[in-house]
Amino acid sequence: LSVVYPNDPNRSESPPSDTVLVTPLPDLDGLFVTNNPIRFNWNDAQADGYVVFLFDEFPGVGVESFWNNANAPTSDTSLEYAGPSLVRGQRYYYLVLGLADDNKNRTVSGVGEFVAP
């Protein structure tokens, strides 16, 4: 694999390679949650599977999800919540990870949030 600098081709290490083609997954957006039952929804990002991560605080460094479906990614663009009971009136945060090509290609959503009914 080589890099070609379009503005200065003399800085390139070698001629361009055509042996690798990368097609990134589209953005994963359109997040919303419906109630009764709680269902996470998102737009299709052309992934083979999707994993939802649910947090009881805003996700960041050192914050782990308390529920996810990593052991059984869904191919749908929605997922019904199947975790422990949520605290009514508490704010929860979630994000969705899209996986493709044997999990080699990934796309991740922004952080969504909802208040438990």
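- A search for side-chain contact (heavy atoms from CB on, under 4.5 Å) contacts involving R106 returns L97, L99, N103, not counting sequence neighbours.
- Looking at residues two or more places apart in sequence or on another chain, you find no side-chain hydrogen bond (donor to acceptor under 3.5 Å, both in side chains) involving S109.
- In terms of heavy atoms, L28 sits closest to G98 at CD1-N, 3.5 Å.
- With sequence neighbours left out, the side-chain hydrogen bond (donor to acceptor under 3.5 Å, both in side chains) criterion links T74 to no other residue.
- With a 4.5 Å cut-off on side-chain heavy atoms, P117 and I38 count as touching.
- With hydrophobic clusters built from ILVMFWY side chains whose heavy atoms lie under 4.5 angstrom apart, V108 does not share a cluster with V96.
- Residues L31 and Y94 form a side-chain contact, since some pair of their non-hydrogen atoms from C-beta on lies under 4.5 Å apart.
- Note that CG of L25 is 5.5 Å distant from CG of N105, once rounded to the nearest 0.5 Å.
- With sequence neighbours left out, the ring pair (Phe, Tyr, Trp, His ring centres under 6.0 Å) criterion links Y92 to F66, F114.
- Distance CG/L86 to CZ/R91: 13.5 Å, rounded to 0.5 Å.
- Cluster annotation: V87 and V115 are assigned to distinct hydrophobic clusters (Ile/Leu/Val/Met/Phe/Trp/Tyr, side-chain heavy-atom contacts under 4.5 Å, transitive).
- One finds the CG atom of N41 at 3.5 Å from the CZ atom of F32 (value rounded to the nearest 0.5 Å).
- Transitive grouping of hydrophobic side chains (ILVMFWY, heavy atoms separated by less than 4.5 Å) brings W67 and W42 into a common cluster.
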Sequence neighbours excluded and cut-off under 3.5 Å, please list the side-chain donor-acceptor pairs for residues 45-58, or say none.
from	atom 1	to	atom 2	distance (Å)
D48	OD2	D101	N	3.0
Y50	OH	D44	OD1	3.0
Y50	OH	A45	N	2.9
Y50	OH	A47	N	3.4

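- D27 is linked by a side-chain contact (heavy atoms from CB on, under 4.5 Å) to D29, counting only residues two or more places apart in sequence or in another chain.
- Within a 6.0 Å radius of CD in E64, other residues, nucleotides and ligands contribute 12 heavy atoms or fewer.
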